[in-house]
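One structure is given here, and the rest of the page talks about it.
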Amino acid sequence: MKLTLILFLFLYLINYSNCNNDNKKLTEKLKNALNENNKNNKIKIWVFFNSKDFKIDNNNNNYIDNDYMLSLTSLNKESIERRLKRGSHKHSIIEESDLPVSEKYINQVLQCGNDNEIQIHQRSNWLNSISITIISNNMENIRNHVIPCISSKPFVESIDLVSKFKKPTIDQQTNHVQHKKNKFNKLNNIKLLQKSKNNNGDSDMDMGNENLFNEDFYGQSYRQIKQLNIDKLHKLGFDGTGVIILITDTGFYKQHEVFKNLNILGEYNFIEKNNRIEDEFNGTSESVEFSQNDHGTATLSVLAGFKKGHLVGTAYNASFLLARTESLDMEDVIEEDYFASAIEWGESRGAHLVSCSLGYQDWYNVASDLNGKISHMTKIADLASKKGMVVVSGIGNSGEDGLGAPADGNYVIAVGAVDAKGKRVDFSSVGPSSDSRIKPEVMALGNEVYLAGIMNTTNYVYYNGTSFSCPIVAGGIALLIQAHPNWTPYQIYDAVVRSASNSSHPDVYNGFGLFDAYASYKYNPEEGDCSNLGCRNGGVCINKECICPQGYYGYLCQYEKIKCGTRCHQLNGTCQVGDHISSPSYLCLNTIHLEEDTPYQLSTRLLTNFYILNLLFLIIIFLIQ
Ligand SMILES: *[C@@H]1O[C@H](CO)[C@@H](O)[C@H](O)[C@H]1NC(C)=O
Ligand SMILES: *[C@@H]1O[C@H](CO)[C@@H](O)[C@H](O)[C@H]1NC(C)=O
Ligand SMILES: *[C@@H]1O[C@H](CO)[C@@H](O)[C@H](O)[C@H]1NC(C)=O
Ligand SMILES: *[C@@H]1O[C@H](CO)[C@@H](O)[C@H](O)[C@H]1NC(C)=O
Ligand SMILES: *[C@@H]1O[C@H](CO)[C@@H](O)[C@H](O)[C@H]1NC(C)=O
Ligand SMILES: *[C@@H]1O[C@H](CO)[C@@H](O)[C@H](O)[C@H]1NC(C)=O
């Protein structure tokens, strides 16, 4: 009898801990969403797996058979070449993160729903996850059957909500999204266009000696280029030739005259899973409402456009991969899984650089979550840097409300906005990251940026936003990539921030200052990693990576963090208490999160379990006596 009871207790405990573990696989964000009164009866989630279900058939663990591994991936020649030259591969250029997600696991997850209850969207090899939508008759079924079925699988590591973002906050402070219709009446700048010379049609791409890289050549785009000394690199003959740039954005109006000679290597619409990346605008005022708000066209033109005397992009002779990851005509939301897929797609096709003018903030706690470790997009961005691809992102237009993901990434070059005089524009998001790294990295023109409009093939407009500061800098960095064929993203990051206008006095408003393309071209970043360079400021080099003491960051621990303080409190966060009373804190935590520990569902269950356990304990005591 006693034995039976003890056995029962034992089994119960095992069962209890299992159950608890399944629940632990769900993030707080997802638990909250499941408990919300969701009338749609549908939810979009990420399912993360704990392995690739792949055994390396070799006795030597460190040795990976590259040819075989390679055959499992879809990397092209350019991607492999770039990884070899610029990646920070430790043992092999193909890593486990490159292997495909296990089909077996995917099928088992899909079997957790009846009929068409589960729809699969994206697969991320790097995150080892899939994004799915569960559609059911009622939320109870999703909450009590489908989700528990998925979380009970031993190969499921965790489940999270797919973060969504309401687009208009991107250009909140400008008239850009809100007053779509009015804008078209007032912004076409005919007077300025007439002023510019050299508008002689077909000779646009004729780059003879008569190009002086002066105002006549750049037209109205001269301001945004001159401010960052990008014209000096053009003069030296760097124009982006041979550099592959990925752009993730809304649709692109490719008929515009500035794109006449655009070299497009690939295009993909991640939302519709087809090759339609065109802006939906068809020239009528009705369709303005349905257009992709011309955002993609605008950002692309600043980087890639070429119409002599009108608009010259910062890397006008580069090659492009165009990814449409945002759609505004459907529910007016953007979802992070499309971005993740687009980065992996571009990387595998050899992109050296990605320019992303989108930021995701709504679903993150700005005080605590933007520490480079939480957002899935940010993780993807940092993995891209490891594989040799530079990530440039707009920091966001939220001003004092802080930055969005993926701008918080460790090696993401986040760009803020200034006016023509170099003064920060109020809407430009203020840093730092939640772990006190300096953000933004650099600044560029984000006020009245001259770019291509979508009204017709010769339409030009002026827009505001860090969305446009970003491609200006990205193009400048493309020229650095062309000029220095072996620089890694870490060295490029170093060159960019160390040579910016205010690099010795960085702050959270202007970062390291204005980007200076010419100065970063001449900068001499150290070659190698910490195994030959060592770590600065007391960092320790382990496996070619520096473990930095708190207060420092960067691949050699060479950058100093600012102390956690005012900004954290402004965002309603709390600075983590240091080890010693006197030691400063470098981490901003979420105050609210600290107070309400466990969600309702979990705590009631724990309580119930506690009573049952007590009861069992009393019975045992009773029996023993
Ligand atoms: C951009 O900002 C300026 C003020 O700096 C303002 O006059 C202009 O209307 C804004 N443009 C748009 C498109 O919102
Ligand atoms: C782009 O580079 C090619 C050589 O790769 C050259 O023939 C062409 O003239 C360049 N175009 C421009 C606009 O500079
Ligand atoms: C343009 O698009 C709008 C909105 O989709 C549509 O109503 C209109 O018929 C289209 N016009 C033409 C000429 O295609
Ligand atoms: C292009 O569109 C703008 C803005 O609607 C208009 O002012 C301009 O006249 C158009 N140009 C041509 C050539 O149609
Ligand atoms: C550099 O930053 C310091 C402090 O952050 C600021 O006072 C100064 O005006 C900045 N200088 C320039 C040239 O931007
Ligand atoms: C901080 O809390 C105050 C008071 O609850 C609130 O008004 C404010 O919007 C919060 N700020 C942020 C950035 O969440």
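We number each residue from 1, following the sequence as shown. Start at 1 and go down the list; that is how both ligands and their atoms are numbered.
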Quiz item: Using heavy atoms and a threshold below 4.0 Å, how should the contact between Asn447 and ligand 1 be classified: side chain, backbone, both, or neither?
Solution: side chain
Practice problem: Given side-chain contact (heavy atoms from CB on, under 4.5 Å), test Tyr450 with Gln224 step by step and report yes or no. | Solution: CA-CA 8 Å; Tyr450 190 67; Gln224 60 223 40; 3.7 Å; yes
Quiz item: Is the Phe320-Phe252 ring centre distance short of 6.0 angstrom?
Solution: no
Quiz item: Can you name the salt bridge (Lys or Arg N to Asp or Glu O under 4.0 Å) partners of Asp337, sequence neighbours left out?
Solution: Lys44
Exercise. Would you confirm whether any non-hydrogen atom of the protein falls under 4.0 Å from atom 7 (O) of ligand 6?
Key: no
Quiz item: Are the ring centres of His234 and Tyr218 closer than 6.0 Å?
Solution: yes
Exercise. Just jot down the ligand 4 atoms closer than 4.0 angstrom to any heavy atom of Thr458, in number order.
Key: 13 (C)
Exercise. Would you name the heavy atoms of Val496 and Val442 that are closest together and state the gap between them?
Key: CG1-CG1, 3.8 Å
Practice problem: Output the list of atoms in ligand 1 that are nearer than 4.0 Å to some heavy atom of Asn464, sorted by atom number. | Solution: 1 (C), 2 (O), 3 (C), 8 (C), 10 (C), 11 (N), 12 (C), 14 (O)
Quiz item: Any N or O on Asn459 sitting closer than 3.5 Å to an N or O of ligand 4?
Solution: no
Quiz item: Any N/O of Asn572 closer than 3.5 Å to an N/O of ligand 6?
Solution: yes
Exercise. Check each atom of ligand 4 against the heavy atoms of Asn456 and keep those under 4.0 Å away; list them by number with element.
Key: 1 (C), 2 (O), 3 (C), 8 (C), 10 (C), 11 (N), 12 (C), 14 (O)
Self-check item: atom 1 (C) of ligand 6 touched by protein heavy atom at under 4.0 Å
Solution: yes
Self-check item: Set of residues satisfying side-chain hydrogen bond (donor to acceptor under 3.5 Å, both in side chains) with respect to Gln255, sequence neighbours excluded
Solution: none
Quiz prompt | Sub-4.0 Å protein heavy atom near atom 11 (N) of ligand 6 | solution = yes
Quiz item: How about Phe270 and Tyr338: are their ring centroids closer than 6.0 Å?
Solution: no
Quiz item: Which atoms of ligand 1 sit under 4.0 Å from any heavy atom of Tyr462?
Solution: 13 (C)
